[in-house]
Amino acid sequence: MKRHQEERLPVIGWREWVSLGELGIERIKTKIDTGARTSALHAFDVRQFTDHGAPHVAFVVHPRQRYRLPAVECVAEVQDMREVTSSSGHKDVRYVISTDVSLAGLTWPIEITLADRDPLGFRMLLGRQAVRDRFLIDPGSSFMAGRKQKTGSTKVKTERTS
């Protein structure tokens, strides 16, 4: 039965463009990382506050690697604080938020930890909990759900970092 279900799952590559619409992030290049349990999002200027008695965080995301603009300001309710071990073995306590992610025509809720991913190759990792039972991953392919779409002649101002 499990094998029959897997044959109907959409196939994605090891990197894809995803959308985090609730956070105002239209497109962000994401590494599909089955070695990571939880998804992670590059966030900086993280500030915790309370809204109607519930903990929230405000933070900024640079969705384009190596660019300072656009800078997307986000707000989300804190779901948890979790100790996460990075691939280098460094332990870090991170905020955990929940938001919808869209990929390959599907939208579903995921948990994301907020981390400083500025020096890393991808602004976001989509972990195995997020893709489990939704996709098959072809590690030899990229952008199987589609390349970044250009939106007419609208130009986005960008500032490249060093």
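Put simply, the side chain of Thr38 does not reach to within 4.5 Å of the side chain of Val84, judged on heavy atoms. In this structure the side chain of Arg47 reaches within 4.5 angstrom of the side chain of Asp45, judged on heavy atoms. A heavy-atom distance below 4.5 Å is not found between the side chains of Val78 and Val96. Side-chain contact check for Asp138 versus Met144: some heavy-atom pair is nearer than 4.5 Å. You'll find the side chain of Ile12 stays beyond 4.5 Å of the side chain of Leu136, heavy atoms only. Considering only heavy atoms from C-beta on, Trp14 comes within 4.5 Å of Ser142 through its side chain.
There is a path of hydrophobic side-chain contacts, each under 4.5 Å, that joins Met81 to Val46. Leu69 and Phe44 fall into different hydrophobic clusters, where Ile, Leu, Val, Met, Phe, Trp and Tyr residues are linked whenever their side-chain heavy atoms come under 4.5 Å apart, directly or through other members. Ile28 and Leu106 fall within the same hydrophobic cluster, defined by Ile, Leu, Val, Met, Phe, Trp and Tyr side-chain heavy atoms under 4.5 Å apart, directly or through other members. Cluster annotation: Ile110 and Phe59 are assigned to the same hydrophobic cluster (Ile/Leu/Val/Met/Phe/Trp/Tyr, side-chain heavy-atom contacts under 4.5 Å, transitive). In the hydrophobic cluster analysis, where Ile, Leu, Val, Met, Phe, Trp and Tyr join through side-chain heavy atoms closer than 4.5 angstrom, Val72 is grouped together with Val101.
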**OP:** Tell me, with the steps shown, if Thr85 and Asp92 meet side chain to side chain contact (heavy atoms under 4.5 Å, CB included).
**Re:** CA-CA 6 Å; Thr85 304; Asp92 196 14; over 6 Å; no
**OP:** Carefully, step by step, assess Phe122 and His42 under the rule ring-ring contact (aromatic ring centres under 6.0 Å, His included).
**Re:** CA-CA 8 Å; Phe122 289 85; His42 167 65; over 10 Å; no
Original post:
Stepwise, does the side-chain hydrogen bond (donor to acceptor under 3.5 Å, both in side chains) test hold for Thr113 with Arg94?
Top reply: CA-CA 6 Å; Thr113 64; Arg94 299 182 188 171; 3.1 Å; yes
**OP:** Show your reasoning for whether side chain to side chain contact (heavy atoms under 4.5 Å, CB included) applies to Leu114 and Ile97.
**Re:** CA-CA 8 Å; Leu114 303 180; Ile97 64 167; 4.1 Å; yes
**OP:** Begin with the C-alpha distance, continue with both residues' side-chain angles, and end with the deciding distance and a verdict on side chain to side chain contact (heavy atoms under 4.5 Å, CB included) for Arg68 and His62.
**Re:** CA-CA 6 Å; Arg68 291 190 181 137; His62 290 150; 4.3 Å; yes
**OP:** Take Gln48 and Tyr95, measure what side-chain hydrogen bond (donor to acceptor under 3.5 Å, both in side chains) needs, and give me the verdict at the end.
**Re:** CA-CA 9 Å; Gln48 184 175 351; Tyr95 290 106; 3.0 Å; yes
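Side chain to side chain, Ser19 and Ser102 fail the donor-acceptor criterion of an N or O pair below 3.5 Å.
Residue-environment remark: CD (Glu77) exceeds the threshold of 12 foreign heavy atoms within 6.0 Å.
Val61 and Cys74 get closest at one heavy-atom pair: CG2-SG, 4.1 Å. When all heavy atoms are compared, the tightest approach of Pro63 to Pro70 is CD-O, 3.4 Å. Across every non-hydrogen atom of Leu103 and Ala145, the tightest pair is CD1-CB, 3.8 Å. Across Arg82 and Arg37, no two heavy atoms sit closer than the pair NH1-NH1, 4.3 Å. Taking both residues in full, the closest heavy atoms of Arg117 and Met124 are given as NE-N, 4.1 Å, listed atom of the first, atom of the second, then distance.
Residues passing the ring-ring contact (aromatic ring centres under 6.0 Å, His included) test with Phe135 are Trp108, sequence neighbours excluded. Looking at residues two or more places apart in sequence or on another chain, you find a side chain to side chain donor-acceptor pair (under 3.5 Å) between Thr99 and Glu22.
Just one of Ile32, Asp33, Thr30 meets the side-chain contact (heavy atoms from CB on, under 4.5 Å) condition when paired with Leu125; it is Asp33.
Note that OG1 of Thr34 and CD1 of Ile137 are 6.0 Å apart. Values are rounded to the nearest 0.5 Å. Here the CD1 atom belonging to Ile112 is positioned 12.0 Å from the CD atom belonging to Gln129, to the nearest 0.5 angstrom. With rounding to the nearest 0.5 Å, the separation of CZ in Arg15 from OG in Ser141 is 10.5 Å.
We find that Glu16 and Lys31 are not joined by a salt bridge, their nearest charged nitrogen and carboxylate oxygen being 4.0 Å or further apart.
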